[in-house]
Amino acid sequence: MPELPEVETIRRDLAAVLEGATIVSVRLHHDDILLDGGPTAPFTAALAGRRIDALERRGKNLAFRLGPDGDVLQAQVRMTGRFAVAPAADPSGKRLRAKIGFSHIAAEFELADGRLLLYDDVRRLGGFRLQSAAEWAAREAGLGPEPLADDYRAADLAAGLGRGRAPVKNALLDQRRVAGIGNIYASEALFRARIDPRRPAGELSGDQHRRLHRALRAVLREALEGEGTSLRDYRAVNGRSGRFQERLRAYGREGEPCPRCGTPIERLVQAGRSTFFCPACQA
DNA sequence: CTTGTACCCTGACCGC
DNA sequence: TGCGGTCAGGGTACAA
């Protein structure tokens, strides 16, 4: 999935145009787009006539807060999910789809003012879940803290990483420890903090916790300013690309000189995913 | 409890 | 041109 900065960019885009809109009808093009499986009819029926009161984000999850009772339509875009909003002048969304290359529409939400909210997802790893406010609150409580929150301290990161033996890179990807970090920003934060991604999470020193906390927040903030990292699949709403890919220092740079010490960046596989790091200055 | 692996799905790309 | 293998920014079920 796009990670925290990408999902927050999508949230801001959608909030600007969707808050206050009313869903008239929903069309799902694939049954497997519901995160819990099951029949689609109750899902689509329950969304008809609902107003989108607010767009929220928690970790990598989007939460459409629906009136009148605060039910939550949760959306996860995972690897290849994208949103777009077609104007009322293009009610089928045909022109917009052609323009931005949406060729795998999985869901369409018709709005009362004639606009159309489109969800496209080539691999269909993403999807939706409709739930009550209480169910969402319980689910959301299972996620770790928001790393960009004002009150997120190095001590909170240290507590999240705990005393485990798993590599710190893997621990950063665990949404229960800290929410919103994915493969790119885990690599980037560890690079900035000069910490070996293979180091057991429970063995970090106090100084390393402080460096990682600082690096994590800095890279997430900068990526958010750049509206995310568009390496291959991620796009913000209506096809807009992010710009932070130009500022990545380690991710995707295998063989290139480390910007700090010149040693070639190396790639290794952890938990089945690529990690990029400098073997010389990440101790 | 923690940790590791397989799997969901499709498309792009590379070497032969 | 075609084919097989590999990889992709995520999350979850399940086994050990």
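Convention: sequence-line order gives letters A, B, ...; per-chain numbering from 1.
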Student: Over 60° means perpendicular and under 30° means parallel, so tell me whether A:F128 and A:F83 are parallel, tilted or perpendicular.
Tutor: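 Ring orientation of A:F128 relative to A:F83: perpendicular.
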
Student: Name the residue from A:R273, A:E3, A:K169, A:Q270 that meets the side chain to side chain donor-acceptor pair (under 3.5 Å) definition with A:N183.
Tutor: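 Between A:N183 and the candidates, side chain to side chain donor-acceptor pair (under 3.5 Å) is satisfied uniquely by A:K169.
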
Student: When you compare the side chains of A:K99 and A:N238, does any donor N or O come within less than 3.5 Å of an acceptor on the partner?
Tutor: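 Result is no, nothing qualifies.
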
Student: Ignoring the backbone of A:R232, work out which of C:dA8, B:dG4, C:dG11 is nearest its side chain.
Tutor: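 Looking only at heavy atoms from C-beta outward on A:R232, the closest nucleotide is C:dA8.
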
Student: In this structure, how many angstroms lie between the P atom of B:dT3 and the CG atom of A:L161, rounded?
Tutor: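 Going from A:L161 (CG) to B:dT3 (P), I get 11 Å.
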
Student: Is any NZ, NE, NH1 or NH2 atom of the basic residue among A:R243 and A:E227 found under 4.0 Å from an Asp or Glu carboxylate oxygen of the other?
Tutor: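 Here A:R243 pairs with A:E227 in a salt bridge, since their nearest N and O are under 4.0 Å apart.
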
Student: I need the CD-C1' distance between A:E254 and C:dC7, as an integer number of Å.
Tutor: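 Rounding to the nearest Å, CD of A:E254 and C1' of C:dC7 are 13 Å apart.
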
Student: Taking the six-membered ring of A:F191 (Phe, Tyr or Trp), confirm whether the NZ or CZ of A:R260 is under 6.0 Å from its centre and within 45° of its axis.
Tutor: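 A:R260 over A:F191 ring: yes.
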
Student: Specify the separation, in whole Å, of atom CG of A:L173 and atom P of C:dA8.
Tutor: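 Nearest whole value for this atom pair: 13 Å.
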
Student: Go through the side-chain N and O atoms of A:T80 and A:R123 and say whether any donor and acceptor fall under 3.5 Å apart.
Tutor: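 The criterion, which ignores hydrogens and geometry beyond distance, is not satisfied for A:R123 and A:T80.
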
Student: Under 4.0 Å, heavy atoms only, any strand: does A:R177 hit a base, just the sugar-phosphate, or nothing?
Tutor: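 Sugar-phosphate contact only.
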
Student: Taking the side chain of A:V122 as heavy atoms from C-beta outward, which of B:dG11, B:dG4, B:dT3 is closest to it?
Tutor: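 Nucleotide nearest to A:V122's side chain: B:dG11.
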
Student: Closest approach to the side chain of A:R176, judged atom by atom: which nucleotide of B:dT3, C:dG11, B:dT10 is it?
Tutor: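 Closest nucleotide to the A:R176 side chain: B:dT3.
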
Student: Without decimals, in angstroms, what is the distance between A:D233 CG and B:dC9 C1'?
Tutor: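 Going from A:D233 (CG) to B:dC9 (C1'), I get 12 Å.
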
Student: Kindly say whether A:Q74 contributes a backbone atom to a donor-acceptor pair with the side chain of A:N61 at under 3.5 angstrom?
Tutor: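 Answer holds: no.
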
Student: Of the residues in residues 268-278 of chain A, which ones touch DNA chain C at a heavy-atom distance under 4.0 Å?
Tutor: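 Within this stretch, A:R273, A:S274 sit under 4.0 Å of the strand.
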
Student: Tell me whether the OP1 or OP2 atom of B:dT10 has a side-chain N or O from A:R124 closer than 4.0 Å.
Tutor: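 Yes, A:R124 has a side-chain N/O under 4.0 Å of OP1/OP2 on B:dT10.
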
Student: Just by distance, do the side chain of A:Q282 and the backbone of A:I195 share a donor-acceptor pair under 3.5 Å?
Tutor: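 Pair found, side chain donor or acceptor close to backbone of A:I195.
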
Student: If I pick the P atom on C:dC3 and the same atom on B:dC9, what distance separates them, to the nearest angstrom?
Tutor: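 Per the computed distance, 23 Å lies between those P atoms.
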
Student: If I take atom CG in residue A:L248 and atom C1' in nucleotide C:dA8, what distance separates them, rounded to the nearest angstrom?
Tutor: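 Roughly 15 Å, once rounded to whole Å.
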
Student: Think A:H104 has a side-chain N or O under 4.0 angstrom from the OP1 or OP2 of B:dG11?
Tutor: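 Checking A:H104 against B:dG11: at least one side-chain N or O falls below 4.0 Å of OP1 or OP2.
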
Student: In whole Å, what is the span from the CG atom of A:D32 to the C1' atom of B:dT10?
Tutor: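 After rounding, the reported distance stands at 12 Å.
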
Student: In whole Å, what is the span from the NZ atom of A:K60 to the P atom of C:dT12?
Tutor: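 Between P of C:dT12 and NZ of A:K60: 10 Å.
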
Student: Where the side chain of A:P167 is concerned, which of B:dC9, C:dG11, B:dG4 is the nearest nucleotide?
Tutor: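 For A:P167, the side-chain atoms sit closest to B:dG4.
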
Student: Side chain of A:R267, heavy atoms from C-beta onward: which of B:dT3, C:dC7, B:dT10 has the nearest atom to it?
Tutor: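 Looking only at heavy atoms from C-beta outward on A:R267, the closest nucleotide is C:dC7.
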
Student: Name the nucleic acid region contacted by A:D121, choosing base, sugar-phosphate or nothing; use a 4.0 angstrom heavy-atom cut-off, strictly under.
Tutor: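 Result for A:D121 = nothing.
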
Student: Using a 3.5 Å limit on both pairing distances, list the dot-bracket string of DNA chain B from the 5' end; Watson-Crick and G-U wobble pairs count, crossing pairs take [ ], interstrand pairs take |.
Tutor: .|||||||.|||||||

Student: Does the ring centre of A:Y119 sit less than 6.0 Å away from the ring centre of A:F109?
Tutor: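 No, the ring centres sit 6.0 Å or more apart.
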
Student: Nearest whole angstrom, please: distance from the P of C:dT12 to the CD of A:Q175.
Tutor: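 One finds 9 Å between P of C:dT12 and CD of A:Q175, rounded.
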
Student: Assess the residue pair A:R50 and A:D71 against the criterion (salt bridge (charged side-chain N to carboxylate O under 4.0 Å, His left out)); give the C-alpha distance rounded to whole Å, side-chain angles, the decisive distance to 0.1 Å, and a yes or no.
Tutor: CA-CA 10 Å; A:R50 307 297 293 277; A:D71 281 359; 3.3 Å; yes

